[in-house]
Novice: 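I have a structure I would like to understand better, so I am pasting it below and will then ask my questions one at a time.
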Amino acid sequence: MAKIISWNINSVRLRLPLLAKLVTQQKPDVICLQETKANDDVFPLSALTDLGFAHIAFSGQKSYNGVAILSKIPFASQRVMQIAGSQDKRHIAVTLEGGVELHNFYVPAGGDIPDVTLNPAYDFKLRFVEEMTAWSNNLRKPAIIVGDFNIAPFEHDVWSHKQLANVVSHTEPEITRLNALKASGNWCDVARHFVDEQQKLYSWWSYRNKDWEKSNRGRRLDHIWVTPNLVSNLQSFDILKEMRNWESPSDHVPVIVEIKL
DNA sequence: ATGGTTGGGGGCCAA
């Protein structure tokens with residue numbers, strides 16, 4: 001059984017102490033990070049190796065984006081994709097020893113205005129997910145995709161379906177495209193495999209709130225999906241909500257799957 | 001309708 005975590009860490013260097021605490025508490029085999037916000041030459045490789053991860057793949061850039069996979073399981077191979085014509089570091093993939101492909105994505109947030117003619121970032125986000133779909137169609141199986149998809153697809157993936165209907169992350173064009181991606185690989189949404197669709201489920205709470213826990217205006221932006229042939233291998237799913245109250249937290253909390261590889 | 005906070009990096013931009 002392998003425990004795999006996906007977490008938008010919002011600066012890998014700033015949050016090394018939280019990462020250490022997470023590793024101590026959860027003892028994961030693999031951690032996929034997004035928004036490392038560090039160029040490769042300042043990536044804290046030795047500190048992460050010291051946390052027990054002998055195998056680390058990373059692809060970063062200065063200030064923005066950046067992804068990494070920390071693993072106790074060896075990699076048979078690793079690679080990155082450039083998506084939607086961008087140089088952004090938003091994807092990294094490894095083939096885990098045993099043959100399962102693990103893909104880690106940081107989907108663009110898409111800016112504030114949900115209009116492709118007024119907001120190039122929103123257009124980029126939609127095209128990014130469309131290109132993921134084209135990629136997914138040609139994927140060899142079995143595979144796991146994780147990451148900050150920056151889209152909350154279901155009604156109860158947001159605190160208010162009505163109030164967020166025109167807010168980027170929960171708009172119809174985004175959800176339509178995410179559903180197309182999901183259908184292209186017949187992907188299993190692991191969170192909703194374990195937790196009923198009618199139950200509220202969030203992985204992100206804005207910093208711009210006096211009391212995130214009391215207002216509880218969350219969104220489920222972080223996802224773990226597996227190919228159909230891995231569904232019977234799923235053991236558990238969890239969202240580490242309490243980590244949002246740790247000192248100097250990310251605005252995202254880790255999502256966790258246990259799966260037989 | 002607006003603003004609220006955070007991180008990186010040294011300007012504001014992105015989230």
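Computed from a prediction, not measured in an experiment: that's the story for all the values here. So you know, we letter chains A, B, ... as the sequences are listed, proteins then strands, and number each from 1.
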Novice: Residues two or more places apart in sequence or in another chain: which of them pass salt bridge (Lys or Arg N to Asp or Glu O under 4.0 Å) with A/K182?
Specialist: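 Applying salt bridge (Lys or Arg N to Asp or Glu O under 4.0 Å) to A/K182 gives none.
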Novice: Looking at residues at least two apart in the chain, or sitting in another chain, which of them share a ring pair (Phe, Tyr, Trp, His ring centres under 6.0 Å) with A/H193?
Specialist: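 For A/H193 there are no ring pair (Phe, Tyr, Trp, His ring centres under 6.0 Å) partners, ignoring immediate neighbours.
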Novice: If we ignore angles and hydrogens, is there a donor and acceptor under 3.5 Å between the side chains of A/S169 and A/W204?
Specialist: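 No.
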Novice: Is there a side-chain contact between A/K62 and the phosphate of B/dG10, meaning an N or O under 4.0 Å from OP1 or OP2?
Specialist: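 For A/K62, the contact criterion (side-chain N or O under 4.0 Å from OP1 or OP2 of B/dG10) is met.
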Novice: Atom CD of A/Q34 to atom C1' of B/dG7: distance rounded to whole Å?
Specialist: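 The answer, rounded to whole Å, is 16 Å.
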Novice: Could you pull out every donor-acceptor pair under 3.5 Å between side chains of residues 57-64 of chain A and any protein atom, sequence neighbours left out?
Specialist:
from  : atom 1 : to    : atom 2 : distance (Å)
A/Q61 : OE1    : A/N65 : ND2    : 3.3
A/Q61 : OE1    : A/K89 : N      : 2.7

Novice: When rounded to the nearest Å, what value does the distance between P atoms of B/dT2 and B/dT6 take?
Specialist: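 Comparing P positions in B/dT2 and B/dT6 gives a spacing of 23 Å.
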Novice: Can you tell me how far C1' of B/dA15 sits from CD1 of A/I151, to the nearest Å?
Specialist: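 For the pair A/I151 CD1 and B/dA15 C1', the rounded distance is 15 Å.
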Novice: Nearest-nucleotide wise, let me know which of A/A121 and A/P249 is further upstream toward the 5' end of DNA chain B.
Specialist: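 Mapping each residue to its closest nucleotide by heavy atoms, the 5'-most match is A/P249.
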Novice: Say we look at B/dA1 and B/dG11: how far apart would their C1' atoms be, to the nearest angstrom?
Specialist: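 One C1' to the other, the span is 28 Å.
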Novice: Decide if atom CG of A/N216 counts as having more than 12 heavy atoms of other residues, nucleotides or ligands within a radius under 6.0 Å.
Specialist: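 Above 12, so yes.
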Novice: Distance check needed: B/dG7 C1' versus A/Y64 OH, whole Å only.
Specialist: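 After rounding, the reported distance stands at 10 Å.
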Novice: Under 4.0 Å, heavy atoms only, any strand: does A/R244 hit a base, just the sugar-phosphate, or nothing?
Specialist: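 Result for A/R244 = nothing.
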Novice: With the side chain of A/L14 defined as its heavy atoms from C-beta on, choose the nearest nucleotide among B/dA15, B/dG9, B/dG7.
Specialist: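 Looking only at heavy atoms from C-beta outward on A/L14, the closest nucleotide is B/dG7.
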Novice: Classify A/R15 by what it touches in the nucleic acid, base, sugar-phosphate, or nothing, heavy-atom distance under 4.0 Å.
Specialist: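 Here A/R15 touches the backbone only, sparing every base.
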Novice: Starting at CG of A/N166 and ending at C1' of B/dA1, how long is that distance when rounded to a whole Å?
Specialist: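 One finds 14 Å between C1' of B/dA1 and CG of A/N166, rounded.
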Novice: Write down the distance between CG (A/N8) and P (B/dA15), rounded to a whole number of angstrom.
Specialist: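 Rounding to the nearest Å, CG of A/N8 and P of B/dA15 are 11 Å apart.
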Novice: Which of residues 203-212 of chain A have a heavy atom under 4.0 Å from DNA chain B?
Specialist: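 Per residue number, the list reads A/Y207, A/R208.
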Novice: Measure the distance from CG on A/L16 to P on B/dG7 and round it to the nearest whole Å.
Specialist: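 Distance check: A/L16 CG to B/dG7 P gives 14 Å.
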Novice: Grab the CD-P distance between A/E174 and B/dA15 for me, whole Å please.
Specialist: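 Answer to the nearest Å: 12 Å.
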Novice: By the salt bridge (Lys or Arg N to Asp or Glu O under 4.0 Å) test, which pairs, at least two apart or in different chains, include something from residues 194-208 of chain A?
Specialist: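 Counting only pairs at least two positions apart or across chains, no salt bridge (Lys or Arg N to Asp or Glu O under 4.0 Å) contact touches residues 194-208 of chain A.
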Novice: Give the rounded distance in Å between these two atoms: CG of A/N65 and P of B/dG7.
Specialist: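 Whole-Å distance recorded here is 17 Å.
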Novice: For nucleotides B/dG9 and B/dA14, find the distance between their C1' atoms and express it as a whole number of Å.
Specialist: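 Going atom to atom, C1' in each nucleotide, I get 13 Å.
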Novice: For A/Y122, what residues pass the ring pair (Phe, Tyr, Trp, His ring centres under 6.0 Å) criterion, not counting sequence neighbours?
Specialist: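 With sequence neighbours excluded, A/Y122 shows a ring pair (Phe, Tyr, Trp, His ring centres under 6.0 Å) to no residue whatsoever.
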